[in-house]
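Notes to accompany the following structure.
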Amino acid sequence: MKKGDVLVLFAILFLSVLVWCITKLHHTPGETVVIRLDGAVYQTLPLSEDAEVLVNQTNTVKIHNHEAFMEQATCPDRLCIHQGKTDSPQKTIICLPNRVSISVE
């Protein structure tokens, strides 16, 4: 590797870390959880109150500690459960087989 290559790699790494830090500093949590079934609004809940919602007998959505997540699902791969928790409008949790989504607004 030449000196110029190292400088370019360092610059890319520095910019990546800078962008990541800026997005983390400007993280603004939402206030409302919107649960959708087949694209239509199924239920809207405040993110500030703990709740548990059974959606269409297939998925359980839980709100706890100002975060929403899919607690249970009947889909075969359960990727929606592994998507983790969200309190941000930038992250939506989706269960494609059961057509359920959780978003924060």
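Note that the numbering runs from 1 along the sequence shown for the chain.
Residues satisfying the side-chain contact (heavy atoms from CB on, under 4.5 Å) criterion with Leu9, sequence neighbours excluded, are Met1. Thr86 meets the side-chain hydrogen bond (donor to acceptor under 3.5 Å, both in side chains) test with no other residue; sequence neighbours excluded.
Side-chain contact between Arg36 and Ser101: present, with at least one pair of heavy atoms (C-beta onward) separated by less than 4.5 Å. The shortest distance between side-chain heavy atoms of Asn98 and Thr74 falls below 4.5 Å. Using a 4.5 Å cut-off on side-chain heavy atoms (C-beta onward), Val53 and Ile35 make contact. Counting heavy atoms from C-beta on, the side chains of Glu31 and Pro46 never come closer than 4.5 Å.
Pairs of residues two or more places apart, or lying in two chains, never qualify as side-chain hydrogen bond (donor to acceptor under 3.5 Å, both in side chains) while including a residue from residues 1-18. Applying the salt bridge (Lys or Arg N to Asp or Glu O under 4.0 Å) test to pairs two or more places apart or on separate chains, those with a residue in residues 60-77 are Lys62-Glu71. Counting only residues at least two apart or in different chains, side-chain hydrogen bond (donor to acceptor under 3.5 Å, both in side chains) contacts with residues 37-52 comprise Asp38-Arg99, Asp50-His64.
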*Apply side-chain contact (heavy atoms from CB on, under 4.5 Å) to Val104 and Leu47, showing your working.*
CA-CA 8 Å; Val104 177; Leu47 191 59; 4.1 Å; yes

_Set out, in order, the CA-CA distance, both residues' side-chain angles and the distance that settles side-chain contact (heavy atoms from CB on, under 4.5 Å) for Leu45 and Ile63, then state yes or no._
CA-CA 9 Å; Leu45 301 161; Ile63 302 170; 3.7 Å; yes

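Here the straight-line distance linking atom NZ of Lys85 with atom CD1 of Ile102 works out to 12.0 Å at 0.5 Å rounding. Rounded to the nearest 0.5 Å, atoms OG (Ser103) and NZ (Lys91) are 13.0 Å apart. The SG atom of Cys75 sits 6.5 Å away from atom CG of Asn59, with the distance rounded to the nearest 0.5 Å. Between atom CD1 of residue Ile93 and atom CE of residue Met70 there is a gap of 6.5 Å, rounded to the nearest 0.5 Å.
Grouping Ile, Leu, Val, Met, Phe, Trp and Tyr by side-chain contacts under 4.5 Å, direct or through others, puts Val41 with Val34. Other cluster members for Leu96: Ile94, joined by side-chain heavy-atom distances under 4.5 Å among Ile, Leu, Val, Met, Phe, Trp and Tyr. Here Val8 sits in one hydrophobic cluster together with Ile12; the rule is ILVMFWY side chains under 4.5 Å apart, joined directly or through other members.
Ile81 and Phe69 are assigned to two separate hydrophobic clusters, defined by single-linkage of ILVMFWY side chains at heavy-atom distances under 4.5 Å.
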